[in-house]
Structure formats: C-alpha cells, structure tokens
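Inspection log for the structure reproduced underneath, given as structure tokens.
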There are 4 protein chains.
Amino acid sequence: MPHPLPPPRWQRRAEARPQELLEAALTEFVARGYAATRLDEVARRAGVSKGTLYLYYENKAELFKAVVRRALVGNLDEAEARVAGHAGSSRDLLAWMLTEMTRRVSNSELSGIPKLVISEAGNFPEIARFYFDEVIRRGRDIVQGILRRGMDSGEFRPVDPEYAWRVIIAPVMLGILWKHSFMAVDPHGLDFERHLRSHLDLLFDGLSAPGRKRTEETP
Amino acid sequence: MPHPLPPPRWQRRAEARPQELLEAALTEFVARGYAATRLDEVARRAGVSKGTLYLYYENKAELFKAVVRRALVGNLDEAEARVAGHAGSSRDLLAWMLTEMTRRVSNSELSGIPKLVISEAGNFPEIARFYFDEVIRRGRDIVQGILRRGMDSGEFRPVDPEYAWRVIIAPVMLGILWKHSFMAVDPHGLDFERHLRSHLDLLFDGLSAPGRKRTEETP
Amino acid sequence: MPHPLPPPRWQRRAEARPQELLEAALTEFVARGYAATRLDEVARRAGVSKGTLYLYYENKAELFKAVVRRALVGNLDEAEARVAGHAGSSRDLLAWMLTEMTRRVSNSELSGIPKLVISEAGNFPEIARFYFDEVIRRGRDIVQGILRRGMDSGEFRPVDPEYAWRVIIAPVMLGILWKHSFMAVDPHGLDFERHLRSHLDLLFDGLSAPGRKRTEETP
Amino acid sequence: MPHPLPPPRWQRRAEARPQELLEAALTEFVARGYAATRLDEVARRAGVSKGTLYLYYENKAELFKAVVRRALVGNLDEAEARVAGHAGSSRDLLAWMLTEMTRRVSNSELSGIPKLVISEAGNFPEIARFYFDEVIRRGRDIVQGILRRGMDSGEFRPVDPEYAWRVIIAPVMLGILWKHSFMAVDPHGLDFERHLRSHLDLLFDGLSAPGRKRTEETP
DNA sequence: TATGAATGAGAGTTCATTCAT
DNA sequence: TATGAATGAACTCTCATTCAT
C-alpha cells in the first residue's frame, strides 16, 4: 500500500533560478531601496535559502546591478526600430513614443528601476553611468531624431533640440516618481491615461490661447 | 592675582546647535541617502560628538524628518503671497514661478531634499505624507490657481487643471533629479538657464508649428 | 551497425580515488592549514566534485586525519629495520638516520605534515596523539637505541638518553619549520646539505675547542 | 533607607582596554590558532562585547598582528645588551642566552607566539616577515656574534657560523613546540631544566667519546 | 558511483543607540 | 550640556555538509 512521499526539501532549478532571484530582488529593491533590502527577504521571496543567492551573484551590489541590467535589456529596441522606420508624421511618432512609455510605466513593476537608479546613483556611480548610457542617452537620441525630423518637415516649431528633449520626457519621469513615491499618500492617485492626455495636449499645442501666442504676436 | 580660566571643555550652544546639526545632516543625507548616512559622520561634520545628536533628536529617523521639515519651511510662502496679489498677466506669473523654482534648484543644496523624499518615501510614509501636504499640495494649488485665472481671462487655452499642473511642474523636478543623480556622469552637464528657456518656450507655445495646430484645424 | 558508446559521464575509480583525494588534500592542507583549506579547492585539485569527497571521507576532519595517517605509514620502517640490523658503528648509524631524515625533509611535500600536526595539535588531540605514538615515540626509540648502543660500546660519551634524543632531532625539526614557514621570507633560503653538515659536526664533536673541553678539564 | 545601586552595566577603561584585549586574544589564539579563534570568545574573555573589539582593532587580522607585535617588543633587548657588554667567556655567554631562552619558554604564555607565527606564516606573510626581521634575524646576529668571538678567542672550534646558529637554537624551538603541541599527549611531559642540561652538554662537548673524536683522529 | 545545486549554521563586521563620566 | 566608550542587534557573507538527480 503506497503512501505519499514527503515533498523534496528542495529542487534543482539551475536554469530558472537566476530569473526567479532577479524578480524577487527587483520587488524588494523597488519596495525598500537598496540599503533597506535584506538578502534574507529576497531569498525568502524567491523560495530559496540565503546561501543560494551567493551561488548566482557574488554579493549584494552585484545582485543589484544584475537587477538593473536585466530590467533595461531591449527596452528601447522597439522604439529605435520604429523611429528608423519613420512611419507617418513626426507628431504621431512622438505621441506614440510617449504613449508607449507611459503605458509601460503604468503597467509594470519595472518602472521602479528608474526610481531606484535615481535614488542610488550617488552610491553606485557605475549603475548611474550604465543607465545613462543605455537608457537616457538612447532615449535622448530617439527624441532628438524625431524633433529634428519634425522641424525639417515644418511640422514642428523650431526648438532647441539639445534641451527640448528633457522637457518633453519630464512628465513621463514624473509619472514614475508619482507611482513609486506618492501614490500611497495621494488620495486621488494618478490616472495615467489622463496624465498622458494632458501631457500631449500641452506638449503639442502649448498653454497660450491661440490669439495671444507670442509666436503670432508680430503685427 | 587672577589667573585665566581654562577654556571650557564644551560650550552651551543650545540655540545654535540644532541649526548646525541640521545643516550637517542635510549635507550627509543628500550626499549619501538616508541609510548610508552614518551619524558618526553627521556629528563629525557638525563638530560635536555622536552622543550630542541624541540630546537634540530622538533618533536617526527623527533627525531625518527634522532635516526635511526645516528645508521646506516657508518655501512656498512667497509664491502664495505673490499669486494672491495677482499682479499682471497669468503668463508672467507662471513664468515667474517656474523661473524662481528653477533658480532655487540650481543654486541650493536644498534641492537635494525632494530627491531624498522621493528616494525614501517608501520607508518613511510619514515623510512622504508631510512632503505631499506641505509642498506638493500647496504647489499644486498655486499652479492650479494661476491656470484657472489664465483660463478665465482667456489668456490660456482650456486645459485639465486637475492634471495639467503636474505636466507643467515636471521639467523642474527633472532638473532636480538631473542635478543630483546624473550630473556626475553626464559629460555635458545641465545648463539650468537653457533648460528653463526650453521649458517656458514649449510650455506656452507648444511644439506644433502654428499653421498646423490641432486647435486651429477646424476650418 | 554498432554505434559508439557515449563516453561515460564519470568513471569508477574506487581504487585510485582515495589516493588522489589524499594527495590533493595534502597539498592544500600544507599550503593553507586546516581551517583555511576549502573542500571546494581540494575537490577541484583532485578533479572531482565536492560531493565525491563525502563518498570517501565522512567529513573534513576525517579527511585531515586520513591525510596525516597516510603520510606517516611506513615512514620509520626502514630506519627501524636498519637499526635492528646494527650494521657498523653507532656514529655512522646515527649519521645515516639524520641524513635520511634531512633528505626527506628537503625533498618531499610530506614534510609539511609535521608542521600541520604541530599547528593543529590543539584542535585535533586525536591527531596529536596518533602522531606522537606512531612517529615521535618510534623515532625516539630508534634514536635512544642507537645512543645506548654507542654508549655501551664506548663510542659515545655518557648522555641522558631520556632527553638527549630530542636535542639530537631538533635541528631536523627546525629544518622542517624553516622550509614551511620562513623559506618564503628568508632571502638566503636554507641549504639543507650545509645545514646537515653543521648539524652532524656540532652533534658529534661539540662546540668547545678540544683543549678546553670540560670533560678533559681534569688537570 | 539607602539600598545598593545596581552595578554599572559597563565601565570606561580606555587606557587599560587594549592590554586586556591583547591578553585575551593571545590566550585564545594560542589555544586555538588564528582561524578557530572566535572574536566572540576573545571578547567574552576580556569581559567586553564583541563590538568593543572593533573600537581598538580594525579587524581580526589586525588584532592578530597586534598580539604578535606586542609579544615581541623588547624581547631581545637584554640579550643584545649583554652580548655587547661581552662579560666573561663566550661559552658562558652562550649558555646564559640559551638558559634565558629556555626559561622564558617554560614560564610564559608568550612562547605560544612563535608557534602561532609558524602555524600562520603561510596565511600571514606580513607577520612571518615581521617575525623574521625582528626576532629571528636579531637572534641569529646575537648567536653568530658569540660564535665568532669564541672562535676568535680559541674557545670554540671552527664552525660554519652561517649555519651553526640554527642548529644551536633548534632545541629551544623544539621545546616551544613540545610545550604547545605535544605536552598534552606526552605522558612524561617535558622537564625544561633537564632538557636544557642535555642541550648544553651536547652542544659544547658533543656526542663522541673523547678518545674517538674525529678532530683528534689524526695520529 | 558521481554530481553540483541547495542548505543553514555560524562567523566577522557595522552602526544606531545608550550611559558612565 | 557634552562626551565617546561600550553595547548588541542585525546584517552580509562563507563554507562544510546534504541530497535530488
């Protein structure tokens, strides 16, 4: 008469482990920040023992870097491809990009990464540089590309492309910070749809009423 | 024959002390973040012993809160007064406010506070709430007030005041993060003057070329 | 159509394994000491996995004991046989024995064993006792036997056999320690040939100049 | 009605502490070796908490070095002075030195230091070098000085001073190792008085019976 | 028999906090 | 009020040992 085997104390998951560990670590890092994250907790969340972490990552700092790295891989590939494919109007392209970014922010836990990087940039210059090179610089190039195309075609007003891109991106960044820093204390929360609409509206058409635009002030 | 008093081993500094401690703490917190800041270092920077900190602040968390509180006191008073005095055009008022904010960001170490609050919001909900109530909410009210005034007077296009204010503020916030997180790794740095110019330009006049504005597309 | 067998993932090495493991362990223990030796390294050196070690030895301590035991097996057999065969003069016999010991010290990695035993005697009393019984006591008996024979035959002066044997052995022991502890920091190194010559010279003829010997001081 | 105050939880011992810590550490290191010594135990033995150790020594390795350093300070000063004062015969001088060394070995816990240094030389090359320079080299110079003086005066036979000094010192070293490694397992123990007597006897007069000495074998 | 991923107790170290002075 | 030596809990990291494969 067979009776059930006791469940195994643990399982070999050599292939799956790294992903699981990074996911657990991402959650903890995002929730608590680097310093306040205890490896004990990461391990527990991943369902392994503390020692197992060290089979895959040399130490806490390396684990952190791995989390950031993984989160960024391939993040901008689609955007770069789409821009290179230059479909339609520059306005639509830019709108698409900002929409896409907002959508990602609102959906995924990965949006915690930028906040983490910002928070820890001082203590992890290496991470800051990596993020700057892999995300910010590439993002800048994409936006600048769209801007230049739009100005060339006459769709956009002449702006300072060296600086305008940051202004254009800023509301998306603010959405990230809102989500991860103030959502919990803001009784109204943040409706990303509406935030995006406001963003696009102001970005393209500005705040000034048409008849009073400075650009049309010339008599 | 009077002989000189030996110099006192320490001095009563009950009035000046808190300010000095808060300043030292601000510098350290901004440079390293909450967790990585050692009270030893704060004390050394303030020129007192570690124990003395505890005469003025119950613990590290209370010190942190005090730092944040002090940094924000009276920060928006002038802005509120000015808006209440409603001098001149709404556009000028808004421009003045954003200029003022940008100037403060670029000049003062205090701009590290928002970054700190953002970074530690998860671990210090109390701080997050305090900052939200004392800074964000008040800032929002100011901007919304200007927006409503401008829309009423016909200076501004109709926008969604509940959401537009965040979009309007965002580039200032991004300037803060740039300064405290990426300045060190960005070879170009950030010229706050130029950043502000781009910001105001886009904010008021938008990106779209006049003839193509959506708002004027109706025949 | 026969197709070739895949190479076996591992091989039965039941007979050869223990020797290989002990050799690898000896090298590591000698190089690093007991505590600082990691079984990981022993396994790697032996070309097996860590788990395999435990198929042959219950734990680290048992492995250590086995290393020591193996190193000592049959170490003194030849000496005992030769002394029992009492060939030639006692002087030559003693000289032969010290020469033989010095030769082994200078040549073999096995000389690391005494140093190991000395280092770890406190933590492994069992090992200390074993070494004491199997090596020191037997060595003592051999030397004492030669001494007694030489004194009986009039070749040697009367000495205290209970204590003299240690004095006689001491320079060999010092050679071991030199090799394993100070060779690396002594710019001159140690020439074992010359060390032995000095040893034998002083041992047999003493330091005092003949005319002044205390034993001949009688007028 | 006064009732007794509870004893203070701890006392400030800033001046006495380092000595107490080093003593406790010496005892533990000698008893267990470097690796097996737990700082917890050192602290307990010194009557302080673990953290206190770190107020005085940066880490375990530094504590170890400090223990060794302290044990060696001024160890050979008297010997050097005495030899420089060259009172009486070289034989007496050498005998005095070896007697002195043996006495120290037999009396003090400090004799555990050489054993420690020997054991840990591989893992602490810095310590090995330090010991070599401060103790071994100086000891060598002293003995060589005596040897050369004795040979010059005709008291001593010509020997190889470059190598003889080690042979002469060896029994003292062996006494150290005996005490710290085999005393516990040797049922007879070691009578240092008798050991010294044997040492001096053999050293000065050698083992060979007078009529048969090689140096006098010439007809 | 052999593997090596997984474990978990235990070590060194840090640092906010306390308290005798 | 001020000090800074002392504390001890909490953390990261190591590695002998186990066990599913």
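You'll find a donor-acceptor pair under 3.5 Å spanning the side chain of B:Lys50 and the base of E:dT17, going by distance alone. At a cut-off of 3.5 angstrom, the base of F:dT17 holds no donor-acceptor pair with the side chain of C:Lys60.
Comparing D:Gln11 and A:Arg17, the nucleotide of DNA chain E nearest to each residue sits closer to the 5' end for A:Arg17. Of the two residues near DNA chain E, B:Tyr54 and A:Gly51, the one whose nearest nucleotide lies more 5' is A:Gly51. Projected onto DNA chain F by closest heavy-atom contact, C:Asn59 and D:Leu53 fall at different nucleotides, the more 5' of which corresponds to D:Leu53.
In the region residues 25-48 of chain D, proximity to DNA chain F at under 4.0 angstrom, judged on heavy atoms, holds for D:Val48.
Note on A:Tyr56: only backbone sugar-phosphate atoms sit closer than 4.0 angstrom, heavy atoms only; bases stay farther off.
One finds the OG atom of C:Ser119 at 10.5 Å from the NE2 atom of C:His180 (value rounded to the nearest 0.5 Å). Here A:Gln19 contributes atom CD and A:Leu26 contributes atom CG; the two are 11.5 Å apart, rounded to the nearest 0.5 Å. Here CD1 of B:Ile127 is found 11.5 Å from CD of B:Glu134. Values are rounded to the nearest 0.5 Å.
Nearest to the side chain of D:Leu55, among E:dT17, F:dT7, F:dT12, sits F:dT7.
With hydrogens and angles ignored, the 3.5 Å screen pairs a side-chain donor or acceptor of A:Asn123 with a backbone N or O of B:Arg32.
Seen from the ring of C:Phe130, C:Arg69 counts as a face-on cation partner, given the 6.0 Å and 45° thresholds.
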- [ ] Evaluate the side chain to side chain contact (heavy atoms under 4.5 Å, CB included) criterion for residues C:Val68 and C:Leu116: first the C-alpha distance (whole Å), next the side-chain angles of each, then the deciding distance (0.1 Å), finally the verdict.
- [x] CA-CA 9 Å; C:Val68 176; C:Leu116 261 183; 5.5 Å; no
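Between E:dT3 and C:Thr52, a contact under 4.0 Å exists linking OP1 or OP2 to a side-chain N or O.
Between the OH atom of C:Tyr57 and the P atom of F:dT18 there is a distance of 17 Å, rounded to whole Å. Between A:Glu58 atom CD and F:dT12 atom P the separation is 16 Å, expressed in whole Å.
Remark: B:Lys60 pairs with B:Phe29, B:Tyr34, B:Leu39 by the side-chain contact (heavy atoms from CB on, under 4.5 Å) rule, at least two apart or across chains.
Ion pair C:Glu126/C:Arg129 not flagged as a salt bridge, since none of the NZ, NE, NH1 or NH2 atoms sits closer than 4.0 Å to an Asp/Glu carboxylate oxygen.
Remark: DNA chain F takes part in the stems E:2-21 with F:2-21, each of 3 or more antiparallel Watson-Crick or G-U pairs, criterion distances under 3.5 Å.
Closest approach of D:Ala46 and D:Leu21 over heavy atoms only: CB-CD2, 3.6 Å.
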